[in-house]
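Fair warning: this is a prediction, and the values are worked out from it, not measured in the lab. As the structure lists them, so they are numbered: ligands from 1, and atoms in each ligand from 1.
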Amino acid sequence: MKKKILVANRGEIALRVIRAIQELGHTAVAIYETPDNEALHIRTADEAVWIGDGPRSDYLNIDKVIKAAKKSEAEAIHPGYGFLAENPDFAKACEDEGIIFIGPSSEVITNLGDKVIARKIMADADIPMVPGTQNLNAGDDGVQQAIEFGRKYGYPIMLKATAGGGGRGIRQIDDESQLREEIPIARAEAKAAFNNDNVYLEKVVLTPKHVEVQVIADKLGNTVHLGTRDCSIQRRNQKLVEIAPSMIEDQELLDSICNTAVKAAKAANYANAGTVEFLIDKDMNYYFMEINTRVQVEHTVTEMITGIDIVRTQIKLALGKNLAFSQDDVQLRGHAIEMRINAEDPRNNFMPEGGKNVSVYRSPGGYGVRLDGFVYQGYTIPEVYDSLLVKLTVFGFSWNETVDRLKRCLTNFVITGPKTTIPFYLNLVNDDDFKKGDFDTSYLDTHTHLFEYEDVKSEVNKLSKLIAEIHYKGENSYAI
Ligand code: ADP
Ligand code: ADP
Ligand code: MG
């Protein structure tokens, strides 16, 4: 039966979800704050509800989003990622109002959103993880607990906000004096960012690979995995480039990680789409890190290698269907790479470039190329939201073919106005270690040559100049 589904998000994710809703024959309702007046998601949806001037505060306002759902008579809400997606109070508010929340239950989100509770659930299920503490006690007592942990396991150690996410609230601590100093700071920051001042410690996995597993489960407990993704290429503990499947050659190890992910999801009573994140050390031991209780930015790479539309599937599951496929039906094929094209200046510590007008926008296309974006030529990027403009995902049968295709796409991609991550990625796809598929989370620190390019001389800018100038008479222009 035709349903009305409200999308409680913006940008490329809102568009991604709206497309799936419309393909299923349902009605998509967008919400927006004033800075998003010109946004594509509100024009693509079947209906759009203005929820306030924001910025950000209204997208984050549970009462207003619920009010918009009621006003539009939406029967379900898809939270996307970011904003309210992992907020258990929001999922609970939907449950209380009889609105279907497209994601796991508020109880599951509560448990898994708390890294300490999640670790407890996983420890009880014998899921491997690095040693860690409970929430540190308040005051000197907690500092003393931390010092004891440091003495037992050695440095460096990770000081983490228990309610953290999005790469925020994580700091590496190298010695005891730094530990004493930073615990109160970390607490204050966690309180401000997550309204929860709990912090705890984890042993550091040195130069790990970040490998995660997409899982999907129905309410009957049928749980399948859709293989691995490697998200080791990060800046500030945040992902930039994601590939599927992991390039680790040991297939038995990858199978073991995937089976462990299914076990972890079952231990958490997980239903709907989620991601189980692991770290892998130099000796190929793997450790549970966390479960993200939502669809992730990088779900596209998994869709490319499995053929499964994850957002379509999660909507159907939330509306009461059971999984239409079993583990044996899931066949991985080829390779996929996603690059997050951000309005950022990589050479200035990835400083956001919001507020700029996109004067030229020319995107690549062709076989094996997928774009998930929301930016169009002439669009002014609101300053107040995150810097992701468009995700470039390419598919290829072999790894080499995929990298070749990615290189071609980046060369064809022209965005002028804001600085973007494109020239940096052009260096990246030409790097020998990347070409071998060999990277860990220290990749950006150890490959500083990636930051060596000149804006004007980079291929991208040469091209954009070519396109931007109407009467081009430069070196690449000829007359008969
Ligand atoms: P978030 O909730 O912000 O995603 P995660 O716990 O998933 O936080 O960690 C994000 C990133 O931080 C990881 O991908 C990894 O690069 C780094 N990290 C987190 N915990 C550890 C650890 N114990 N050892 C080494 N690196 C870690
Ligand atoms: P649809 O919505 O097209 O009827 P289903 O509900 O059957 O699809 O499944 C949802 C998603 O799972 C779709 O993206 C579909 O392509 C994928 N899928 C369905 N059946 C299988 C299968 N046997 N093997 C792999 N993927 C499947
Ligand atoms: Mg994470």
- Message: So, of the N/O/S atoms that E277 has, which is the nearest one to the Mg ion (ligand 3)?
- Response: OE1
- Item | Contact atoms of ligand 1, heavy-atom distance to G164 under 4.0 Å | 2 (O)
- Message: When you compare ligand 1 with G166, is there at least one nitrogen or oxygen pair between them that comes in under 3.5 angstrom?
- Response: yes
- Message: Give me the atom names and distance for the closest heavy-atom approach of M122 to I291.
- Response: CE-CD1, 3.7 Å
- Backbone, side chain, both or neither: what part of L279 comes under 4.0 angstrom of ligand 1, heavy atoms only? side chain
- Looking only at protein heavy atoms, which one is nearest to atom 16 (O) of ligand 1, and how far off is it? Q234 OE1, 2.8 Å
- Message: Has N61 got a side-chain atom pairing as donor or acceptor with S57's backbone, closer than 3.5 angstrom?
- Response: no
- Query: Does the pair E338/R370 count as a salt bridge with the N-to-O cut at 4.0 Å?
  - Reply: no
- Task: Measure I170 to ligand 1 on non-hydrogen atoms and call it side chain, backbone, both or neither using the 4.0 Å cut-off.
- Result: side chain
- Message: Can you tell whether the side chains of K209 and D281 come within less than 4.0 Å, N to carboxylate O?
- Response: no
- Item | Numbering as shown, the atoms of ligand 1 that approach K160 to under 4.0 Å (heavy-atom distance) | 6 (O), 19 (C), 20 (N)
- So is K115 close enough to ligand 1, meaning a heavy atom under 4.0 angstrom away? yes
- Message: With no hydrogens and no angle check, just 3.5 Å: does a side-chain donor-acceptor pair link Y286 and T260?
- Response: yes
- Task: Could you tell me whether the side chains of E277 and Y287 share a donor-acceptor contact shorter than 3.5 Å?
- Result: no
- Task: Note the single closest protein heavy atom to atom 24 (N) of ligand 1, along with its residue, its atom name and the distance in Å.
- Result: V205 N, 2.9 Å
- Query: Can T421 and E344 be counted as having a side-chain donor-acceptor contact under 3.5 angstrom?
  - Reply: no
- Task: Write out the residue and atom name of the closest protein heavy atom to atom 17 (C) of ligand 1, then the distance separating them to 0.1 Å.
- Result: N237 OD1, 3.6 Å
- Message: What I want to know is whether G167 and ligand 1 share at least one N or O pair that is separated by under 3.5 angstrom.
- Response: yes
- Modelled atom types, side-chain donor and acceptor of T393 and T300, under 3.5 Å: yes
- Query: Is there at least one pair of N or O atoms, one from T441 and one from ligand 1, spaced under 3.5 Å apart?
  - Reply: no
- Provide the atom name of the closest N, O or S atom of E290 relative to the Mg ion (ligand 3). OE2
- Between the CD atom in E242 and the CD atom in Q234, the distance rounded to the nearest 0.5 Å is 9.0 Å
- Query: Which atoms from ligand 1 have a heavy atom of E290 less than 4.0 Å away?
  - Reply: 1 (P), 2 (O), 4 (O), 5 (P), 7 (O), 8 (O)
- Under 4.0 Å from a heavy atom of M158: give me the atoms of ligand 1 that qualify, with their elements. 18 (N), 21 (C), 22 (C), 23 (N), 25 (C), 26 (N), 27 (C)
- Query: Counting only heavy atoms, which portion of K203 has something under 4.0 Å from ligand 1: side chain, backbone, both, or neither?
  - Reply: backbone
- Task: Assign the ring pair F101 / F90 to parallel, tilted or perpendicular, where the plane angle (0 to 90°) is split at 30° and 60°.
- Result: perpendicular
